[in-house]
Amino acid sequence: MIGDAETKECQLKDPMDLFHSGQVVKICAPMVRYSKLAFRTLVRKYGCDLCYTPMIVAADFVRSAKARDSEFTTNKGDHPLIVQFAAKEAQVLCDAARIVCPFADGIDLNCGCPQRWAMAEGYGACLINKPELVRDMVRHVRNQIDNPRFSVSIKIRIHEDLKRTVDLCQKAEATGVSWITVHGRSVEERHQPVHYEAIKIIKQSMSIPIVANGDIKTLKDAENVHHLTGADGIMVARGLLANPAMFAGYEETPLKCIQDWVDIALEHGTPFTCFHHHLMYMMERITSKQEKKVFNVLSSTSAVLDYLNDHYGV
């Protein structure tokens, strides 16, 4: 469901302006179930410059109004916003892009999701082995969306043979991709160290902005990765789940941020499970094992609110 019609009229912030601001762009990653409107609202209060929706399967989104209502919610303050799609056909991606174009600042094509179901469907990380198809999809969206300020980006993983990754990126750049986010791991790698050196090589081979992603847990990490890779932006997933105030320089989630989450989630009508899970992530570093045992099994909003009030005065 999309907020009021005024959204159309409001002057959208251009994400490309962020990349030309001379500052490292701080980005909230697309996260299944988690990077929804309420959470985006929270991280924007704490220094996050650009947010992505969770990955949405473009074919379902185009076909079903029900999918559109459940998968895509936004409002006037939710900018700049990138909608991430899983797609494997150019026209389907274009149709999805056209639907979100009045309400978002750009779309991103997922070429990095390593999950089995996505790969089996021809989505996600298997696209890094189909540079022609990626090029075709980017070109179609570029040609069919009238707004030249609407960004079209891709998010990828790296190949074992980095020359193939550089080739993919250069082909995408030639087709007019706005920027590329590189998760510095191959499809097979899960918890192995991130190859920041690979991101640096890609950055040096390109003239469009490159965003670094993978294992960034603190603002200090973000600064280090920027220096290691020369990346124009830093995208964070789990680090922001654990500490939504990370980009504002907090080492761990401040109580003020927990209070803000409670207020925002209640205002947005966030379902209990999502509300509770976010709190479990946020409080991971500031609670004892014993406290977790109690907090993590609470089963209603009122129980959670009572707990926070009693223990933290929130």
Side-chain angles (χ1 to χ4, degrees), residues 1-15 27-44 50-113 115 117-118 120-124 127 134 137-138 140-147 149-155 178 181 237 264-265 267-275 277-278:
M1 208 13 243
I2 292 158
D4 48 38
E6 288 171 53
T7 316
K8 275 193 170 146
E9 302 335 321
C10 79
Q11 190 50 54
L12 301 187
K13 298 172 191 165
D14 183 352
I27 305 171
C28 174
M31 290 180 274
V32 176
R33 293 189 302 281
Y34 293 126
S35 62
K36 297 199 157 190
L37 176 60
F39 188 70
R40 298 194 298 266
T41 305
L42 179 68
V43 295
R44 289 185 197 280
L50 179 63
C51 292
Y52 281 55
T53 67
M55 180 180 82
I56 299 169
V57 176
D60 298 342
F61 190 78
V62 169
R63 199 172 41 230
S64 150
K66 195 173 163 209
R68 289 195 289 278
D69 283 347
S70 69
E71 300 273 345
F72 183 59
T73 313
T74 186
N75 63 20
K76 272 211 300 250
D78 189 28
H79 290 287
L81 176 67
I82 304 301
V83 182
Q84 192 190 58
F85 286 112
K88 57 184 174 182
E89 294 160 285
Q91 195 50 52
V92 174
L93 182 61
C94 283
D95 293 342
R98 202 178 282 118
I99 294 167
V100 300
C101 183
F103 309 103
D105 303 275
I107 61 149
D108 185 84
L109 174 64
N110 185 312
C111 306
C113 177
Q115 291 183 31
W117 74 266
E121 292 281 344
Y123 298 137
L127 290 175
V134 171
M137 288 198 274
V138 171
H140 264 77
V141 178
R142 270 271 163 265
N143 291 342
Q144 290 189 32
I145 297 288
D146 294 334
N147 178 1
R149 295 172 78 87
F150 190 77
S151 66
V152 182
S153 54
I154 62 175
K155 182 172 188 281
S178 308
T181 301
I264 290 166
E267 188 187 329
H268 283 262
T270 301
F272 172 72
T273 308
C274 178
F275 169 63
H277 278 179
H278 274 294

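Legend: residues meeting side chain to side chain donor-acceptor pair (under 3.5 Å) with T270, ordered by chain and number and at least two apart, are absent. With sequence neighbours left out, Y123 forms a ring pair (Phe, Tyr, Trp, His ring centres under 6.0 Å) with no residue at all. Contacts of D60 classified as side chain to side chain donor-acceptor pair (under 3.5 Å), with partners at least two apart in sequence or in another chain: R63. The side chain to side chain donor-acceptor pair (under 3.5 Å) search around S178 returns R142, not counting sequence neighbours. Annotation: ring pair (Phe, Tyr, Trp, His ring centres under 6.0 Å) contacts of F85 (sequence neighbours excluded): F61. For S35, the side chain to side chain contact (heavy atoms under 4.5 Å, CB included) criterion is met by C28, M31, P54, not counting sequence neighbours. Listed by chain and number, the residues in a side chain to side chain contact (heavy atoms under 4.5 Å, CB included) with N110 are M55, Q84, C113 (sequence neighbours excluded).
Between atom CZ of residue F275 and atom NE2 of residue H268 there is a gap of 13.0 Å, rounded to the nearest 0.5 Å. Taking CG of L109 as the reference point, atom CD1 of I154 lies at 7.0 Å (rounded to 0.5 Å). Note that CD1 of I107 is 12.0 Å distant from CG of L81, once rounded to the nearest 0.5 Å. Taking OH from Y34 and SG from C274, the interatomic distance works out to 7.0 Å, rounded to the nearest 0.5 Å. Here CG of L37 is found 6.5 Å from OG1 of T73. Values are rounded to the nearest 0.5 Å. Note that CD of Q144 and CG of L93 are 9.5 Å apart. Values are rounded to the nearest 0.5 Å.
The salt bridge (charged side-chain N to carboxylate O under 4.0 Å, His left out) pairs that include a residue from residues 91-100 are D95-R98, where partners are two or more places apart or lie in different chains. The salt bridge (charged side-chain N to carboxylate O under 4.0 Å, His left out) analysis of residues 27-43, with sequence neighbours excluded, yields the pairs R40-D78.
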Check against side chain to side chain contact (heavy atoms under 4.5 Å, CB included), C51 and I27: CA-CA 6 Å; C51 292; I27 305 171; over 6 Å; no
Working for side chain to side chain contact (heavy atoms under 4.5 Å, CB included), residues S151 and I82: CA-CA 8 Å; S151 66; I82 304 301; 3.5 Å; yes
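The two atoms that bring S153 and Y52 nearest to each other are OG-OH, 3.9 Å, heavy atoms only. Contact between L50 and P15 at its shortest, heavy atoms only, is CD1-CB, 4.1 Å. Closest approach of A104 and V83 over heavy atoms only: CB-CG2, 3.7 Å.
Ion pairing between D108 and K155 fails under the 4.0 Å rule for side-chain N and carboxylate O.
Screening V138, N143, I145 for a side-chain contact (heavy atoms from CB on, under 4.5 Å) with V141, the sole residue that qualifies is I145.
Formation of a donor-acceptor pair under 3.5 Å by the R44 side chain with backbone atoms of F39 is not found in this model.
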